[in-house]
Amino acid sequence: MRDIYEKVVELANRRGFFWPSARDVYAGAPAGFFVYGPLGLRMKDKIIALWRSKIVLLEGVHEIETPNILPIKVFEASGHLKHFFDKLIECKRCHSRFRVDKLIEESLGLKEHLEGLSDEELMRIIKEKNIRCPKCGSTKWTEIKKFNLMFTIAVGAEANEPNAALRPETTQGSVIEFRKSYIVMRGRLPFILGQVGKVFRNEISPRRALIRMREFQQLEIHIFFNSDDPDRIYKEKLEPYLDYKIRFLRKEDREIGEIVEMTAREALESGYTINSLITYWLVLYQKFFNESLKIPLERIRYRELIEGEKAHYALAHWDLEAYTEDLGWTELVNNTYRTDYDLSGHVKVSGNDLRVSDAEGRKILPHLYEPSIGLDRVLFHELMLAYREDGERTWLKLPRYLAPIEIATFPLMKKDSMPEKARQIYRELIKEGFIAFYDESGTIGRRYRRMDEIGTPICVTVDHQTMEDDTVTMRDRDTMKQVRVKITNLPEKARKFLRENIAIEDLQD
RNA sequence: GCGGCCGUAGUCUAGCUUGGAUAGGAUAUUGGCUUCCCAAGCCAGAGACCCGGGUUCAAAUCCCGGCGGCCGCACCA
């Protein structure tokens with residue numbers, strides 16, 4: 001099955017998970033922006049809730065919220081400005097494009113970078129040195145084109161020039177608020193901030209639905225730690241997981257594509273994962289994606305990035321990737337060791353001392369390790385991995401606790417007080433905290449299929465027998481099997497079924 | 001942004017080559033009949049030619065531009 005991608009996009013659009021923004025009303029609406037419909041939004045909230053319960057709360061993360069708009073100075077300090085305004089030039093013959101500075105540096109064998117030069121100066125070098133296209137050898141070039149990969153804006157009614165930008169990552173908010181957060185929370189190192197937030201990147205060509213968007217959402221953890229003592233706390237925390245196997249695609253294995261399973265102990269002791277802190281978080285996130293988000297281990301790997309692929313701020317960098325037949329390996333989490341790159345950048349540009357005191361009263365500029373989840377990509381992969389069809393029906397075999405509707409209640413027929421009874425059960429389920437849904441339109445079979453298609457794990461049906469003995473049937477989405485239970489036991493049983501990976505038969509009274 | 005292919009109801013699609021009268025079908029959806037445990041049937045309703053310009057008596061159809069989609073290249077901090 002190689003067309004699941006398209007089926008999921010179609011289903012998501014048709015049933016209200018997500019769809020392209022503004023397209024129906026304004027035909028030329030730009031790509032890369034998506035609406036989350038009612039079902040998609042619920043599911044997204046559930047993924048966030050799962051992350052909060054499994055990571056944020058357990059790991060002592062202080063979650064904060066920082067603005068989407070930040071002064072442009074911030075991005076000067078973070079290095080984004082320099083790296084976001086690429087100057088590209090295109091070969092007129094073969095249409096290959098190159099970064100102007102790289103082209104000149106590589107053609108002339110220069111070691112010095114040419115960042116300070118103006119467009120005119122760069123063009124003069126290209127003409128004078130007769131620089132050829134590395135691909136086809138032509139010397140005919142277009143003008144230099146600038147690619148602004150950040151959304152800049154003018155804040156203030158009188159501002160004409162851009163003085164701020166939409167953030168391309170939530171990290172900078174955490175970095176510039178780190179010291180304040182540390183003080184108000186009476187922090188000690190390692191000190192952890194977390195953010196759920198929208199970020200904005202002016203991608204050249206957004207593609208593949210939720211995979212590459214211009215506005216998307218990150219779940220970020222920012223761990224600030226003393227680089228002289230990266231094992232503090234984490235040596236003990238890692239202890240129970242030393243035999244846990246982490247799946248790596250190391251840079252030396254990239255050619256053959258072989259994934260190496262390394263125990264946390266091996267990874268740490270060989271120096272590959274640098275310190276206990278990083279090793280622990282690599283373990284934690286692999287476990288989270290496997291055990292909580294239910295992505296099979298064989299579809300998960302950490303891909304080690306090499307020079308040139310790594311972000312400008314990264315000392316070490318692994319992408320947690322997930323495999324699907326349609327999209328291949330896709331990055332879901334950016335795991336970067338950013339050192340003190342960001343903090344020291346802000347110290348330099350702002351002139352402020354951003355160091356904090358440790359327990360012994362020493363001033364420290366902490367290092368930063370950051371696992372950053374691309375939320376939209378995670379949701380999309382959950383849908384792709386859940387998609388099932390067997391010729392008869394289509395269903396989403398989602399982890400039960402991620403389903404946007406948890407339990408549906410139906411009257412078997414629209415008569416004999418069945419609708420009233422089913423509605424009453426529906427209301428009780430809502431009071432019990434379930435996301436419930438009531439439907440009486442169409443035949444019972446059609447209603448089951450509608451729920452299957454959006455991944456609703458349980459369908460409860462009120463039938464003739466209900467009216468006699470106050471029992472209902474509970475139907476399992478995946479097997480279509482039904483058991484009969486007392487209405488009074490329904491909430492408890494449904495809760496158990498949604499939380500635990502048990503069979504419907506185990507709920508029989 | 002470049003090259004190739006493409007754009008018709010919510011979804012899938014016929015029609016386009018060779019311009020012509022009410023844009024056809026399937027499915028989903030809404031109301032009614034049927035009364036029922038896995039997308040049954042019948043009746044009725046609503047719903048579309050991506051946007052703009054041009055050629056023409058006449059454009060879904062031909063031409064140009066824009067926007068968007070898919071694949072490849074590039075980009076992906």
Side-chain angles (χ1 to χ4, degrees), chain A residues 3 5-7 9-16 19-33 37 75 78-86 88-99 135 142 145-147 149-150 167-169 171-172 199-209 211-214 216 305 308-314 317 319 330-331 334 336 338 341 372 374 391-395 410-416 418 440-453 459-465 472-473 475-477 479-482 484:
Chain A
D3 47 2
Y5 165 82
E6 279 173 22
K7 288 176 176 174
V9 169
E10 190 268 331
L11 186 142
N13 184 13
R14 186 161 47 79
R15 299 304 307 270
W19 58 84
S21 165
R23 197 64 51 72
D24 291 344
V25 181
Y26 294 100
F33 299 97
F75 302 109
S78 69
H80 285 96
L81 211 55
K82 194 167 71 193
H83 292 270
F84 266 62
F85 290 86
D86 280 351
L88 297 189
I89 194 164
E90 186 176 314
C91 167
K92 278 187 179 167
R93 192 200 287 173
C94 71
H95 299 296
S96 300
R97 307 179 119 201
F98 305 91
R99 276 195 23 204
K135 279 229 175 110
T142 61
K145 297 175 187 173
K146 280 202 191 88
F147 279 79
L149 301 178
M150 260 198 306
R167 60 181 176 185
E169 56 176 14
T171 317
Q172 296 312 316
V199 297
F200 308 84
R201 301 178 185 183
N202 197 5
E203 295 284 350
I204 294 171
S205 64
R207 291 237 171 126
R208 292 193 160 156
I211 300 299
R212 262 180 64 203
M213 297 193 285
R214 288 182 164 138
F216 58 101
L305 270 67
E309 289 177 330
K310 288 192 297 194
H312 62 274
Y313 47 69
H317 187 158
D319 281 347
T330 303
E331 172 197 350
N334 216 276
T336 35
R338 302 175 71 129
Y341 179 92
S372 166
E392 276 272 300
R393 63 185 191 123
T394 300
W395 74 104
F410 307 139
L412 182 63
M413 292 177 283
K414 263 200 257 187
K415 65 171 191 183
D416 299 338
M418 288 181 202
E440 61 178 28
S441 77
T443 60
I444 189 73
R446 181 182 294 267
R447 283 177 261 159
Y448 287 146
R449 298 301 160 90
R450 279 199 286 250
M451 287 298 108
D452 289 341
E453 203 180 27
C459 291
V460 167
T461 303
V462 167
D463 57 15
H464 297 98
Q465 196 178 329
V472 289
T473 57
R475 171 188 179 271
D476 170 32
R477 169 195 70 196
T479 61
M480 299 197 291
K481 284 181 185 156
Q482 289 179 303
R484 187 165 280 278

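We name chains A, B, ... by the order of the sequence lines, and we start the count at 1 in each one. Heavy atoms only: backbone and side chains are in, while hydrogens, waters and symmetry mates are out.
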Peer 1: Please name the pair of heavy atoms, one in A:Glu440 and one in A:Lys414, separated by the smallest distance, quoted to 0.1 Å.
Peer 2: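 Minimum heavy-atom separation between A:Glu440 and A:Lys414: O-CE, 3.6 Å.
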
Peer 1: Does a side-chain heavy-atom distance below 4.5 Å link A:Tyr448 with A:Met480?
Peer 2: no

Peer 1: Could you check how far CZ of A:Phe410 sits from P of B:A39, rounded to whole Å?
Peer 2: 13 Å

Peer 1: Hey, which of these two, A:Arg475 or A:Pro206, hits RNA chain B nearer its 5' end, going by closest nucleotide?
Peer 2: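 Here A:Arg475 is the residue nearer the 5' end.
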
Peer 1: In terms of the nearest nucleotide of RNA chain B, which residue is placed more toward the 5' end: A:His464 or A:Glu203?
Peer 2: A:His464

Peer 1: Below 4.5 Å, heavy atoms only, C-beta onward: do A:Arg475 and A:Met451 meet side chain to side chain?
Peer 2: no

Peer 1: Does A:Gln465, at its CD atom, have more than 12 non-hydrogen atoms belonging to other residues, nucleotides or ligands within less than 6.0 Å?
Peer 2: yes

Peer 1: When the C1' atoms of B:A60 and B:C6 are considered, how many whole Å apart are they?
Peer 2: 15 Å

Peer 1: Using whole Å, report how far CG of A:Asn13 lies from P of B:G10.
Peer 2: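 Atom-to-atom, A:Asn13 to B:G10, this comes out as 10 Å.
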
Peer 1: Atom CZ of A:Arg450 to atom P of B:G10: distance rounded to whole Å?
Peer 2: 19 Å

Peer 1: When rounded to the nearest Å, what value does the distance between P atoms of B:G65 and B:G4 take?
Peer 2: 12 Å

Peer 1: Base, sugar-phosphate alone, or nothing: which one does A:Ser441 contact when heavy atoms must sit under 4.0 Å apart?
Peer 2: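 Touches nothing.
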
Peer 1: Please tell me if A:Thr443 has a side-chain N or O lying less than 4.0 Å from either OP1 or OP2 of B:A40.
Peer 2: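 Yes, such a contact exists.
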
Peer 1: Check the distance between B:C75's P and A:His312's NE2 and give it to me in whole angstrom.
Peer 2: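 These atoms are roughly 17 Å apart.
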
Peer 1: Between the base of B:C37 and the side chain of A:Gln482, is there any donor-acceptor pair under 3.5 Å?
Peer 2: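 Looking at the base of B:C37, it does pair with a donor or acceptor on the side chain of A:Gln482 (distance under 3.5 Å).
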
Peer 1: How about A:Ser78 and A:Arg167: does a side-chain donor come under 3.5 Å of a side-chain acceptor?
Peer 2: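 Looking only at side-chain atoms, A:Arg167 and A:Ser78 do not form any donor-acceptor pair under 3.5 Å.
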
Peer 1: Whole angstroms only, please: what is the CD1-C1' distance between A:Ile444 and B:C38?
Peer 2: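 These atoms are roughly 8 Å apart.
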
Peer 1: Among B:U11, B:G1, B:U35, which is the nearest nucleotide to the side chain of A:Arg207?
Peer 2: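 Closest nucleotide to the A:Arg207 side chain: B:G1.
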
Peer 1: Of the non-hydrogen atoms in A:Thr479 and A:Arg393, which two are nearest, and what is the gap between them?
Peer 2: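 Scanning both residues completely, I find the closest heavy atoms to be N-NH2, 4.5 Å.
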
Peer 1: Can you tell me which nucleotide in B:C75, B:C38, B:U11 comes closest to the side chain of A:Glu10?
Peer 2: B:U11

Peer 1: Quantified in whole Å, what is the P atom distance between nucleotide B:G19 and nucleotide B:C57?
Peer 2: 15 Å

Peer 1: From NZ of A:Lys415 over to P of B:U35, roughly how many Å is that when rounded to an integer?
Peer 2: 7 Å

Peer 1: Would you kindly check whether a donor in the side chain of A:Arg208 faces an acceptor in the base of B:C70, or vice versa, at under 3.5 angstrom?
Peer 2: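 Absent.
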
Peer 1: Taking the side chain as every heavy atom from C-beta outward, state whether A:Pro411 and A:Arg447 have any pair of such atoms under 4.5 Å apart.
Peer 2: yes

Peer 1: Distance between the C1' atoms of B:C50 and B:U61, in whole angstroms?
Peer 2: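 Going atom to atom, C1' in each nucleotide, I get 15 Å.
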
Peer 1: Within this structure, what is the CZ-to-C1' distance between A:Arg14 and B:A39, rounded to whole angstrom?
Peer 2: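 That distance rounds to 12 Å.
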
Peer 1: C1' atom, B:G31 versus B:A23: distance in rounded Å?
Peer 2: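 Their C1' atoms lie roughly 26 Å apart.
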
Peer 1: With side-chain contact (heavy atoms from CB on, under 4.5 Å) as the test, would you mind laying out the steps for A:Met150 and A:Leu81 before giving the verdict?
Peer 2: CA-CA 8 Å; A:Met150 260 198 306; A:Leu81 211 55; 3.6 Å; yes

Peer 1: Hey, does A:Lys414 reach any base, or is it just sugar-phosphate, or nothing, if we go heavy atoms under 4.0 Å?
Peer 2: base

Peer 1: Rounded to the nearest 0.5 Å, how far apart are CZ of A:Arg338 and NE2 of A:His312?
Peer 2: 7.0 Å

Peer 1: RNA chain B in dot-bracket, Watson-Crick or G-U pairs under 3.5 Å, [ ] crossing, | other strand?
Peer 2: (((((((..((((......[...)))).(((((.......)))))....(((((..]....))))))))))))....

Peer 1: In whole Å, what separates the C1' atom of B:A26 from that of B:G15?
Peer 2: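 My reading of the C1' atoms in B:A26 and B:G15 gives 16 Å.
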
Peer 1: Which whole number of Å gives the distance between the C1' atom of B:A48 and that of B:G25?
Peer 2: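 It comes out at 13 Å once rounded to the nearest Å.
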
Peer 1: Name the closest nucleotide to the A:Arg212 side chain, picking from B:U29, B:C38, B:A74.
Peer 2: B:A74

Peer 1: From CG of A:Asp452 over to P of B:C37, roughly how many Å is that when rounded to an integer?
Peer 2: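 Atom CG in A:Asp452 sits about 17 Å away from atom P in B:C37.
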
Peer 1: Closest to the A:Arg446 side chain: B:C37, B:U29, B:C73?
Peer 2: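 So the nucleotide nearest the side chain must be B:U29.
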
Peer 1: Can you tell which of B:C37, B:G72, B:G68 lies closest to the side chain of A:Ala31?
Peer 2: B:G68

Peer 1: In whole angstrom, give me the gap between the P atoms of B:C33 and B:G47.
Peer 2: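 Going atom to atom, P in each nucleotide, I get 24 Å.
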
